[in-house]
Amino acid sequence: DWTTVIVRELIQKAGDLISDKYGNYCLQTALQAATEHPCLLQEFEKSTKPHLDTLRENVKAKWVKLLDSAIEKQKKRNAMMAMGGMSGM
């Protein structure tokens with residue numbers, strides 16, 4: 001799927017993109033797309049977290065919040081799917 005291909009290509013350059021104004025925007029958009037795919041979100045987090053300490057504190061705080069929010073959103077989606085799957089039993 002093209003989303004996965006594009007997100008993976010962006011996270012390979014996460015170190016360069018995260019500190020650039022436009023690159024940061026691209027990564028944030030990629031994070032939204034990655035939230036739909038559990039494995040991709042894990043890859044995204046693993047690729048971006050090492051670069052957070054290079055950012056200004058306010059930008060770092062925003063990224064921590066964005067990542068936490070995406071992970072929480074995915075957990076809720078998974079729980080709802082599990083509940084939906086159980087009600088069909």
In terms of heavy-atom contacts, E36 and P38 come closest through O-CD, 3.9 Å
Across all chains, not counting sequence neighbours, the side chain to side chain donor-acceptor pair (under 3.5 Å) partners of T3 are D1
Of all heavy-atom pairs linking A14 and S47, the shortest is CB-O, 3.7 Å
When rounded to the nearest 0.5 Å, the distance separating NZ of K73 from OG1 of T35 is 6.0 Å
dist E45:CD -> L31:CG (nearest 0.5 Å) comes out at 9.5 Å
In this structure, NZ of K65 is separated from CD of E72 (nearest 0.5 Å) by 13.5 Å
With clusters defined by side-chain heavy atoms of hydrophobic residues (ILVMFWY) lying less than 4.5 Å apart, directly or transitively, does L41 cluster with L52? yes
Contacts under 3.5 angstrom, residues 57-64 side chains, donor-acceptor by atom type, not counting sequence neighbours:
unit_1, atom_1, unit_2, atom_2, d
K60, NZ, D53, OD1, 2.6
W63, NE1, N24, OD1, 3.4

In this structure, OG1 of T48 is separated from CD1 of I11 (nearest 0.5 Å) by 8.0 Å
When rounded to the nearest 0.5 Å, the distance separating CD1 of I6 from OG1 of T29 is 11.5 Å
What one should report as the nearest heavy-atom pair of A33 and H37 is O-ND1, 3.4 Å
Residues pairing under side-chain hydrogen bond (donor to acceptor under 3.5 Å, both in side chains) where one sits in residues 5-21, two or more places apart or in two chains, turn out to be R8-E43
Output for pair (L10 CG, L17 CG), nearest 0.5 Å, gives 6.0 Å
